[in-house]
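To keep things clear, I will list the structure first and then write my remarks on it.
Worth knowing before you read on, the calculation uses all heavy atoms, side chains too, and leaves out hydrogens, waters and symmetry mates. Computed from a prediction, not measured in an experiment: that's the story for all the values here. Here is how names work: the chains are called A, B, and so on, in the same order as the sequence lines, proteins then strands, and each is numbered from 1.
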2 protein chains.
Amino acid sequence: MNRTGMTDAAELLREHGIKPSHQRVLVLSYLMTHPEHPAADAIYRSLLPEMASLSKMTVYNTLEILRKAGLVRIVRIGDPEARYDVMTDDHGHFKCEICGGLSDFAVDMRPLVSDGLAGYEIRERNVYFKGICPGCLENKTE
Amino acid sequence: MNRTGMTDAAELLREHGIKPSHQRVLVLSYLMTHPEHPAADAIYRSLLPEMASLSKMTVYNTLEILRKAGLVRIVRIGDPEARYDVMTDDHGHFKCEICGGLSDFAVDMRPLVSDGLAGYEIRERNVYFKGICPGCLENKTE
DNA sequence: CAATAATTTATAATGATTATAAAATTATAA
DNA sequence: TTATAATTTTATAATCATTATAAATTATTG
Ligand SMILES: [Mn+2]
Ligand SMILES: [Mn+2]
Ligand SMILES: [Zn+2]
Ligand SMILES: [Zn+2]
């Protein structure tokens, strides 16, 4: 932890044996401060003003390194782009079919496995809903 | 229903206002008899011996028509290919990370929505797990 | 300072899907 | 039936997120 009480990106990387290069810190920090589950291209475009030399390939590389380290998870719902999430605890995702927004919601995964999965080794549980978000519902009725 | 008590593909298409062309019946029948959630290319390759003139584009077109009619759902887990499922009731999907196999399991979606989704219009609920299937687990210990 | 390793970058390739339009089939009208 | 229009299928090209590859840069070690 740093003096703010928050684990910063550089330290988090070090803790996971990843060398905290400038670009890696930028990518991870971006994810830590942007809970909207940005896609690789959105991350790239957002960081470009801060670092003009940044390559999109570095963003992809870094995201893959972070994923392997368990620091981010990929969320794929509907569209062809993968979106990224600083992995914390298990949670569900709601994807708005109109604005494309992706929001989190709490989910208790335990009661999901009724039976029928005896003999399977479960490594990852995912829940996602699709529909219309409150904002877009409001725009519709206007 | 036909004399076997089973709704066949052609009739199912008619019931949904879709003209039961030879290729459409082939694609839907294939899905109805192959619960392994085949991808578009797998459907195409499997049907080619039966109908040498079949175009992959027709498979894609047909799958999209079926999806719009609610006759099939798309299952996307992990890999880039979409896989198709003759939609019946809600169920979860288990994807084996080793063999890529996709199997169904029963899931009660109702208790999922604890709260936090008030004001959202939910149109689709999805649950999928990833891990290792019994067959692949056995091969590992051998 | 070399020499070596790690990282980033530029560029090209991949591959599933989509777009487009021509060809073939089917339905409708004359 | 024949012409005409609508539908469906097919061939072909385009798209686009991601991956592969290798050169260039940067960091590390002796
Ligand atoms: Mn999330
Ligand atoms: Mn299924
Ligand atoms: Zn919305
Ligand atoms: Zn398996």
Side-chain angles (χ1 to χ4, degrees), chain A residues 9-10 13-14 16-30 37-69 71-85 95 100 102, chain B residues 9-10 13-14 16-30 37-69 71-85 95 100 102:
Chain A
L13 290 168
R14 260 181 248 110
H16 287 257
I18 302 167
K19 197 178 300 177
S21 70
H22 188 196
Q23 15 287 80
R24 285 171 183 170
V25 171
L26 279 180
V27 170
L28 181 53
S29 298
Y30 188 85
H37 311 86
D41 187 65
I43 298 170
Y44 170 69
R45 287 200 319 277
S46 303
L47 294 178
L48 212 47
E50 272 182 79
M51 185 185 221
S53 74
L54 183 67
S55 158
K56 194 184 278 189
M57 200 54 238
T58 300
V59 175
Y60 277 114
N61 285 339
T62 301
L63 289 169
E64 177 62 7
I65 289 168
L66 296 178
R67 190 197 60 75
K68 280 192 193 137
L71 284 170
V72 310
R73 62 148 62 165
I74 295 176
V75 183
R76 300 193 81 124
I77 304 177
D79 43 35
E81 282 181 303
R83 295 171 68 166
Y84 294 84
D85 191 357
K95 169 87 178 290
L102 208 46
Chain B
L13 289 168
R14 259 181 250 108
H16 287 257
I18 303 166
K19 197 177 302 178
S21 70
H22 188 195
Q23 16 284 80
R24 286 171 182 171
V25 171
L26 279 181
V27 170
L28 181 54
S29 299
Y30 188 85
H37 312 85
D41 187 64
I43 298 170
Y44 170 69
R45 287 200 320 277
S46 302
L47 295 177
L48 212 47
E50 272 181 79
M51 185 185 222
S53 74
L54 183 67
S55 157
K56 193 183 280 189
M57 199 55 238
T58 300
V59 175
Y60 276 113
N61 285 339
T62 301
L63 289 170
E64 177 61 8
I65 289 168
L66 297 177
R67 189 196 61 76
K68 279 191 193 139
L71 284 170
V72 310
R73 62 146 66 162
I74 294 176
V75 182
R76 300 194 80 125
I77 305 179
D79 44 36
E81 283 180 302
R83 295 172 67 166
Y84 294 84
D85 192 355
K95 169 89 178 292
L102 208 46

Integer-rounded Å distance: [N] [atom2] and [X] [atom1]:
X	N	atom1	atom2	value
B/Asp79	C/dG15	CG	C1'	13 Å
A/Leu26	C/dT8	CG	P	10 Å
A/Gln23	C/dA6	CD	C1'	12 Å
A/Leu47	C/dT8	CG	P	13 Å
A/Ile18	C/dA6	CD1	C1'	14 Å
B/Tyr44	C/dT17	OH	P	15 Å
A/Ile43	D/dA17	CD1	P	14 Å
B/Glu81	D/dA17	CD	P	19 Å

Just by modelled atom types, is the [Y] backbone N or O under 3.5 Å from a matching donor or acceptor in the [X] side chain?
X	Y	value
A/Arg76	A/Pro80	yes
B/Ser29	B/Val25	yes
B/Arg24	B/Lys19	yes

Before giving the answer on side-chain contact (heavy atoms from CB on, under 4.5 Å), spell out for B/Leu71 and B/Ile65 the whole-Å C-alpha distance, their side-chain angles and the decisive distance to 0.1 Å. CA-CA 9 Å; B/Leu71 284 170; B/Ile65 289 168; over 6 Å; no
Close residues, residues 53-68 of chain B, relative to DNA chain D [heavy-atom separation under 4.0 Å]: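 By residue number: B/Ser53, B/Leu54, B/Ser55, B/Met57, B/Thr58, B/Asn61.
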Interatomic distance, A/Leu48 atom CG to A/Ile43 atom CD1 [nearest 0.5 angstrom]: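 Result: 13.0 Å between the selected atoms.
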What's the spacing between B/Arg83 CZ and B/Ile77 CD1 if we round to 0.5 Å?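 Between atom CZ of B/Arg83 and atom CD1 of B/Ile77 there are 8.0 Å.
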Base, sugar-phosphate or nothing for B/Ala82? Non-hydrogen atoms, less than 4.0 Å.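 It contacts sugar-phosphate atoms only.
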Show, in sequence, the C-alpha distance, side-chain angles and deciding distance for A/Ile74 and A/Tyr84, and conclude whether the side-chain contact (heavy atoms from CB on, under 4.5 Å) test is met. CA-CA 5 Å; A/Ile74 295 176; A/Tyr84 294 84; 3.5 Å; yes
Looking at C/dA30, which nucleotide sits across from it as a Watson-Crick or G-U wobble partner, both distances under 3.5 angstrom, or is there none?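 D/dT1 - that is the nucleotide pairing with C/dA30, both distances being under 3.5 Å.
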Does the side chain of A/Ser21 get closer than 4.0 angstrom to OP1 or OP2 of D/dA27 through an N or O atom?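 For A/Ser21, the contact criterion (side-chain N or O under 4.0 Å from OP1 or OP2 of D/dA27) is not met.
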Taking only side-chain nitrogens and oxygens of A/Arg76, does any of them come within less than 4.0 Å of OP1 or OP2 of D/dA17?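 False: A/Arg76 side-chain N/O out of range (4.0 Å or more) of D/dA17 OP1/OP2.
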